[in-house]
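Here the structure is a predicted model, which means the values were calculated and not measured. Protein chains get the first letters and strands the later ones, always in sequence-line order, with residue 1 at the start of each.
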Protein chains: 2
Amino acid sequence: MARTQGSHSDITGPRVRDAALSLFARHGYAAVSMRQIAGAVGVQAGALYNYTPDKQTLLYELMKAHMDELLAARGGEPWPGDPMAALEAFTRFHIRFHARRPEAVFISYMELRNLSPENFAVIEGLRKTYETQLQDILQRGVAEGRFAVTDARITSMALIAMLTGVNTWFRDKGRLSLPEVEEIYCDMVRKAVAV
Amino acid sequence: MARTQGSHSDITGPRVRDAALSLFARHGYAAVSMRQIAGAVGVQAGALYNYTPDKQTLLYELMKAHMDELLAARGGEPWPGDPMAALEAFTRFHIRFHARRPEAVFISYMELRNLSPENFAVIEGLRKTYETQLQDILQRGVAEGRFAVTDARITSMALIAMLTGVNTWFRDKGRLSLPEVEEIYCDMVRKAVAV
DNA sequence: TTGATTTGAACGTATGTTCAGTTAAATCTT
DNA sequence: AAGATTTAACTGAACATACGTTCAAATCAA
């Protein structure tokens with residue numbers, strides 16, 4: 001039997017990416033073989049090379065897609081002029097966006113070292129773009145005398161680390177709902193930078 | 001040539017662990033081979049099995065040693081009765097301890113999924129022990145009306161995530177000294193939980 | 001000479017990737 | 001509508017290389 005019936009490129013492609021995302025997140029890029037990914041899709045290993053030139057590019061494209069989505073989603077959000085309102089909007093957006101994509105987030109933070117130098121540079125650039133948005137909010141708040149922040153760059157990284165940490169414990173049917181989590185973190189963020 | 005001159009068990013053992021720590025941190029557990037570790041030590045792969053029963057145990061023992069050191073060091077620190085002073089002591093201790101061991105920290109946070117279930121349970125237990133210490137400080141502060149924290153468990157994880165995040169950017173000869181970093185984070189932590 | 005330490009080769013298995021050959025669907029021809 | 005042809009998708013086997021681990025033999029320190 002040479003081909004499972006009814007399978008097409010436009011359906012197998014996404015399935016390859018989904019399987020890779022899920023397996024990379026669970027076991028790590030280096031620990032997952034192309035044969036495992038193929039098995040999850042229900043196909044032989046050779047068939048994967050219709051959808052990616054190699055394993056490394058498969059990882060890169062998952063991370064690239066995640067970062068693109070992140071920046072696009074952020075771009076579609078409101079940007080309040082008031083620094084504190086902008087900070088709160090950023091906080092809620094970050095928690096909400098990341099909580100909904102635990103696997104992509106996990107990969108994007110854990111597998112950076114498995115990217116080739118060129119691919120790494122691209123992802124790192126996108127990450128910096130995102131981080132700079134928070135940094136700008138903080139700087140504006142400082143300029144307007146609303147925030148007490150001695151180093152906007154360090155503070156932005158500290159806050160992002162805190163917010164992304166939600167993903168290590170948050171579960172959809174856990175003790176706290178996402179809005180409750182948002183509220184707790186918003187409180188902390190607001191107070192942490194307030195004058 | 002059968003043996004490099006002057007090598008002994010009590011010198012090779014630590015060298016194996018050092019090489020493994022450094023290589024695991026740089027490339028990840030799954031991506032590092034026993035032959036690479038042996039090469040870094042200057043020995044053949046087979047010789048490693050005088051110092052570890054297998055690769056998995058080598059990883060586990062690195063993480064176990066790190067967590068034991070963490071808890072022992074923390075146990076040797078002063079425990080101020082005043083909640084705010086205790087929180088500040090914890091914050092400074094955490095930053096200082098972790099900044100000095102970037103490789104062990106990196107491994108302990110990234111390679112949890114490569115532990116066998118039994119080994120994972122041990123490490124996770126130690127991590128929880130540490131985290132509970134911060135949680136207790138927060139709870140005491142709440143009980144004494146000094147902290148405004150709605151959920152001590154979530155807050156403790158948020159703060160630890162923020163503090164551990166220092167390791168992603170801190171470099172010894174960077175723009176900021178460690179005491180300066182401590183100061184910035186202490187300010188944020190204090191304000192974030194204050195009433 | 002004894003006992004600890006290391007070598008070097010071998011074990012079976014797995015890896016990422018390639019590719020000629022096979023199959024099914026899409027398109028074209030009549 | 002039916003048959004012929006083209007194209008895209010996939011298989012299955014093979015490639016060279018690497019993996020973790022074992023172990024008899026060799027080497028060195030005491």
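The shortest heavy-atom contact between A:A158 and B:M162 is O-CG, 3.4 Å. Contact detail for A:L138 and A:F147: the closest heavy-atom pair is O-CD1, 3.6 Å.
Looking at heavy-atom distances under 4.0 Å, B:V41 makes no contact with the nucleic acid at all.
The ring-ring contact (aromatic ring centres under 6.0 Å, His included) contacts involving residues 111-130 of chain B comprise B:F90-B:Y130, B:H94-B:Y130, where partners must be two or more places apart or lie in separate chains.
Rounded to whole Å, the distance from CG on B:L23 to P on D:dG20 is 12 Å. Between the OH atom of B:Y51 and the C1' atom of C:dT5 there is a distance of 6 Å, given to the nearest Å. When the C1' atom of C:dT6 is taken as reference, atom CZ of B:R35 falls 15 Å away, rounded to whole Å.
Side-chain N/O atoms of A:Q44 include none lying less than 4.0 angstrom from OP1 or OP2 on D:dC10. Of the side-chain N and O atoms in B:Y49, none sit less than 4.0 angstrom from OP1 or OP2 of C:dT7. Within the 4.0 Å cut-off from OP1 or OP2 of D:dA18, not a single side-chain nitrogen or oxygen of B:S33 is found. Taking only side-chain nitrogens and oxygens, A:T12 never comes nearer than 4.0 Å to OP1 or OP2 of D:dA9.
Relative to the ring axis of B:Y109, B:R127 places its NZ or CZ within 45° and under 6.0 Å from the centre.
Residues A:F97 and A:L176 share a hydrophobic cluster, clusters being chains of Ile/Leu/Val/Met/Phe/Trp/Tyr side chains in contact below 4.5 Å.
A salt bridge does not link B:E61 with B:R17: every distance from a Lys NZ or Arg NE/NH1/NH2 to an Asp or Glu carboxylate oxygen is 4.0 Å or more.
When the C1' atoms of four end pairs are superposed on the next four at each end of the helix from C:dT1-D:dA30 to C:dT30-D:dA1, using five pairs per end, the two resulting axes differ in direction by 20°, to 10°.
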